[in-house]
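Convention: sequence-line order gives letters A, B, ...; per-chain numbering from 1.
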Amino acid sequence: MSVLSVLKERGFVDAVTHTAELEDYLENNRATCYIGFDPTATSLHVGSLVCIMALAHMQRNGHRPIALVGGGTGLIGDPSGKTEMRQIITQEQIDENKAGIRAQLSRFIDFSNDQALLLDNAQWLTKLAYIPFLRDIGRHFSINRMIKAESYKARMASEEGLTFIEFNYMLLQAYDFMKLAQNYDCLLQMGGSDQWGNIVAGIDLIRRTLGKQAFGITFPLITTAAGIKMGKTHKGAVWLDPDRFSPYDYYQFWVNCDDADVARFLALFTFLPMHEIEQVKTLQGADLNRAKTILAYEATKIAHGETEARNALKAAASVFGAIEVPDSLLPGATIPRGVHSPVTDDTVPATQMNEKDLVDNDLVIDLFTRTGLCSSKSDARRLVMQGGAYVNGNRVSGVDQRVENADLDQGEILLRAGKKKYHKIIVK
RNA sequence: GGUGGGGUUCCCGAGUGGUCAAAGGGAUCAGACUGUAAAUCUGACGGCUCAGCCUUCGGAGGUUCAAAUCCUCCCCCCACCA
């Protein structure tokens, strides 16, 4: 089965150029393909996961992926799919962000021995000279056609308008593709569906300048069953960087997905075989919840490693009660089977505090604020009044409740805000 | 450069001198119901030493007993004209 079929089957494919030729090309060649990533933040987030997984699939099927960091284009900003001009960032920020992105991609893709490449388009873009660029590249682009591109249309019609630098984004991305085709024999570009126009522009440019046939694949925009772009939670974006978004929260993000999304997400965000995932579609209730556990475990393992995935599973069990993973469910999964019973664990976020300052002195609501469980004292007060604050599993009775000796359970106090947020205080 | 219209609490958006911490919607949070889901219902949603007080309505001044609301200057955005 070709990669293209794999990607199609798993729900990665939105549109493809030259389907038959591409199929043929992938069957008979060790293809080099690329996806661009914006270095606008130190970390990638779940929104980029489809792209990352696609590259991983390419590698698993014997092809060579290139992750192109937009160090050059990042200085400009892609207008595609955005309603506002992007913030332009500095070179120093880009360098820092690149390092973080590389570390994260390494979890998904093997960069050793050049089996995959991480390149930066700043390499060639920053060297461009304006006149030669216009003469050699610019001449191939028709303004008439560009302004008809969906990515520009919206901005043309918007109040903010489109700046000239953004307008040039398409040329630069096409130039990237051409460079990669030239220097790395990379003839396939993939990306989100908003990249279609840019990808096609690159294919055209390659045909005109190099006389070669290049290809493009776009991925659908992944939304949740609720119709929202996935990857946002109360904590903001779901980052892949464990320092910005803990593996436990990452695990929880997946467990908390919508029922209707489980099978689709298993296909997209794990490597489990499709025939097993098919079965998940018929599950309901508690069984479906178990499938979510597997989704969360596998996704966490891919992004953060096995140890973190196990810890997250353990932490979830200790907080939410026993979790059962039957042998028969998704047998291809690597999750530890059986019943995971609640045990004390050390993965719940914890803060150390001094006993003297605490007992008989502090208000319970202060603890909620200090641990970050609540954003302000008013917030904590509100939580208590609404009955969502707990100390060691007991509902906090009133805003004036103080920390007592009896609250210390083996030197620890477990705070809970609402159903899902926990924080442990270790008293010294 | 000219003329006109705007900048309100996380977002959209009402509000033209006191009854405004500011309508309504969205997002979010809590409670109930559940399965750590969705839907639904209820409540909350600037801060604090919380039946009271303090700080917010682009920025800086001013008028007034009293301003998001009036005046002056400045900054930014948009439309049309040039």
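- Judged by Watson-Crick or G-U wobble contacts below 3.5 Å, the nucleotide B:rA82 has no partner.
- Using the Watson-Crick or G-U wobble rule with both distances under 3.5 Å, B:rG35 pairs with nothing in any strand shown.
- For A:E278, the side-chain hydrogen bond (donor to acceptor under 3.5 Å, both in side chains) test picks out A:K281, with sequence neighbours left out.
- Among the atoms of the strands shown, only primed sugar atoms or phosphate atoms (P, OP1, OP2) are found under 4.0 Å from some heavy atom of A:R395.
- In this structure, of B:rC50, B:rG35, B:rA30, it is B:rC50 that holds the atom nearest to the side chain of A:S378.
- When distances are taken from the side chain of A:R382 to each of B:rG31, B:rG35, B:rG47, the shortest belongs to B:rG47.
- Note: CG (A:L283) to C1' (B:rA37) measures 14 Å, nearest angstrom.
- When both distances must be under 3.5 Å, the Watson-Crick or G-U wobble mate of B:rC65 is B:rG18.
- For the pair A:K377 and B:rU49, the criterion of a side-chain N or O lying under 4.0 Å from OP1 or OP2 is met.
- A straight line from CD of A:Q252 to P of B:rG35 spans 17 Å, rounded to a whole angstrom.
- Base pairing of B:rG43 is made with B:rC29, judged by Watson-Crick or G-U wobble geometry with both donor-acceptor distances under 3.5 Å.
- Residue-to-nucleotide contacts include no donor-acceptor pair under 3.5 Å from the side chain of A:Q386 to the base of B:rG31.
- Going from atom CG of A:D259 over to atom P of B:rA37 covers 9 Å, rounded to whole Å.
- Across the P atoms, B:rA66 and B:rA82 are found 48 Å apart, a figure rounded to whole Å.
- Set against B:rG35, B:rU36, B:rA30, the side chain of A:F320 has B:rU36 as its closest nucleotide.
- OP1 or OP2 of B:rU49 sits under 4.0 Å from a side-chain N or O of A:R381.
- We find that CG of A:N256 is positioned 19 Å from P of B:rU34, with the value rounded to whole Å.
- Comparing the same atom, P, in B:rG47 and in B:rA60 gives a spacing of 22 Å after rounding to whole Å.
- Residue A:I323 is in base contact, counting any heavy-atom pair closer than 4.0 Å across all strands shown.
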Side-chain donor-acceptor distances from residues 133-143 of chain A under 3.5 Å, at least two apart:
from, atom 1, to, atom 2, distance (Å)
A:H140, NE2, A:D136, O, 3.3
A:S142, OG, A:N144, N, 3.2
A:S142, OG, A:R145, N, 3.0

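- The CG atom of A:L373 sits 13 Å away from the P atom of B:rC29 (whole-angstrom rounding).
- Separation of the C1' atoms belonging to B:rA68 and B:rA14 is 12 Å when rounded to the nearest angstrom.
- Counting only N and O atoms by type, the side chains of A:Q195 and A:Q189 include no donor and acceptor under 3.5 Å apart.
- For the C1' atoms, the distance linking B:rC53 with B:rA38 amounts to 43 Å, nearest Å.
- By the 4.5 Å heavy-atom criterion applied to side chains, A:I109 and A:M58 are not counted as neighbours.
- Only the C1' atoms considered, B:rU9 is 33 Å distant from B:rU3, to the nearest whole Å.
- Closest to the side chain of A:Y390, out of B:rG31, B:rU36, B:rG35, is B:rG31.
- Residue A:S376 has no polar side-chain atom (N or O) positioned under 4.0 Å from OP1 or OP2 of B:rG46.
- If you check B:rU36, B:rU34, B:rC29 against the side chain of A:K419, the one that comes closest is B:rU34.
- Below 30°, between 30° and 60°, or above 60°: for A:F253 and A:Y250 the angle between ring planes is between 30° and 60°, a tilted geometry.
- A perpendicular orientation is assigned to the rings of A:H45 and A:W239, their planes being inclined by more than 60° (bins at 30° and 60°).
- The closest side-chain heavy-atom distance from A:N256 to A:K420 is below 4.5 Å.
- Side-chain atoms of A:N289 and A:T293, non-hydrogen and from C-beta on, never get closer than 4.5 Å to each other.
- Using C1' as the reference atom, B:rU8 and B:rU69 are 11 Å apart when rounded to the nearest Å.
- With a cut-off of 3.5 Å on both pairing distances, B:rA23 has no Watson-Crick or G-U wobble partner at all.
- Per the geometry, CE belonging to A:M385 stands 14 Å off P belonging to B:rG31, to the nearest Å.
- For B:rC11 and B:rG58, the P atoms lie 13 Å apart once the distance is rounded to whole Å.
- Atoms NZ (A:K420) and P (B:rG31) sit 11 Å apart, rounded to a whole Å.
- Both A:G418 and A:A317 sit near RNA chain B, but only A:G418 has its closest nucleotide nearer the 5' end.
- The pairing partner recorded for B:rC73 is B:rG59, the criterion being a Watson-Crick or G-U wobble arrangement whose two distances lie under 3.5 angstrom.
- For B:rU56 and B:rA67, the C1' atoms lie 13 Å apart once the distance is rounded to whole Å.
- For A:L363 and B:rU49, the CG to P distance is 9 Å, given to the nearest whole Å.
- Closest to the A:D258 side chain, of the nucleotides B:rU36, B:rG31, B:rA37, is B:rA37.
- OP1 and OP2 of B:rA30 both lie 4.0 Å or more from every side-chain N or O belonging to A:R416.
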